[in-house]
S.K.: 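Below: one structure in structure tokens.
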Amino acid sequence: MDDILENEIKYKETLLGDYIRLSKMSKANSQKYETTINAFLDDLSRLYKKRKKD
């Protein structure tokens, strides 16, 4: 279980970093990007709390 959780956290952190880089390169609607980034951060926060419990 720990390996799966750690891999999921690592994957989502990498995905978030890539998404942030892409959104900075784009001049499109920044509100849409901000909403998506906040969803990523909320999900990562949930995973961090789950990791802390275990």
Side-chain angles (χ1 to χ4, degrees):
M1 173 74 173
D2 290 337
D3 290 338
I4 294 171
L5 182 60
E6 289 301 320
N7 285 337
E8 185 175 2
I9 289 171
K10 184 177 179 180
Y11 172 74
K12 290 191 179 195
E13 287 173 338
T14 301
L15 194 58
L16 175 60
D18 291 345
Y19 189 83
I20 290 171
R21 279 190 293 280
L22 289 172
S23 67
K24 286 182 178 180
M25 287 189 283
S26 173
K27 301 297 180 192
N29 184 351
S30 63
Q31 181 64 34
K32 181 178 178 182
Y33 289 117
E34 185 176 330
T35 301
T36 303
I37 290 168
N38 285 337
F40 269 113
L41 293 172
D42 290 343
D43 195 34
L44 277 169
S45 177
R46 179 187 59 80
L47 291 172
Y48 292 148
K49 288 176 186 174
K50 187 175 181 181
R51 178 173 66 182
K52 189 175 180 181
K53 279 185 179 179
D54 295 340

S.K.: Can you sort out the partners of Asp18 under side-chain contact (heavy atoms from CB on, under 4.5 Å), two or more places apart, ordered by chain and number?
M.R.: Thr14, Arg21
S.K.: Could you tell me the separation between the CG atom of Leu15 and the NZ atom of Lys10, rounded to the nearest 0.5 Å?
M.R.: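 Output value for this atom pair is 14.0 Å.
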S.K.: Could you see if Leu47 belongs to whatever hydrophobic cluster contains Tyr11? Use Ile, Leu, Val, Met, Phe, Trp, Tyr and a side-chain cutoff under 4.5 Å.
M.R.: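 Yes, it is one cluster - the side chains of Leu47 and Tyr11 are joined through contacts under 4.5 Å.
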S.K.: Asn38 and Glu34: side-chain contact (heavy atoms from CB on, under 4.5 Å), yes or no, with the steps?
M.R.: CA-CA 6 Å; Asn38 285 337; Glu34 185 176 330; 3.8 Å; yes
S.K.: Starting at CG of Leu41, measure out to CD1 of Ile20 and round the result to the nearest 0.5 Å.
M.R.: 6.5 Å
S.K.: Is Ser23 reaching over with its side chain to a backbone N or O of Tyr19, donor-acceptor style, under 3.5 angstrom?
M.R.: yes
S.K.: When rounded to the nearest 0.5 angstrom, what distance separates CD in Glu8 from CG in Asp43?
M.R.: 6.5 Å
S.K.: Is a donor on one side and an acceptor on the other found under 3.5 Å between the side chain of Asn7 and the backbone of Asp3?
M.R.: yes
S.K.: Rounded at 0.5 Å granularity, tell me how far CZ in Arg51 sits from CD1 in Ile9.
M.R.: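 Answer for the CZ-CD1 pair, Arg51 versus Ile9, is 4.0 Å.
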S.K.: To the nearest 0.5 Å, how far apart are OH in Tyr48 and NZ in Lys12?
M.R.: 11.0 Å
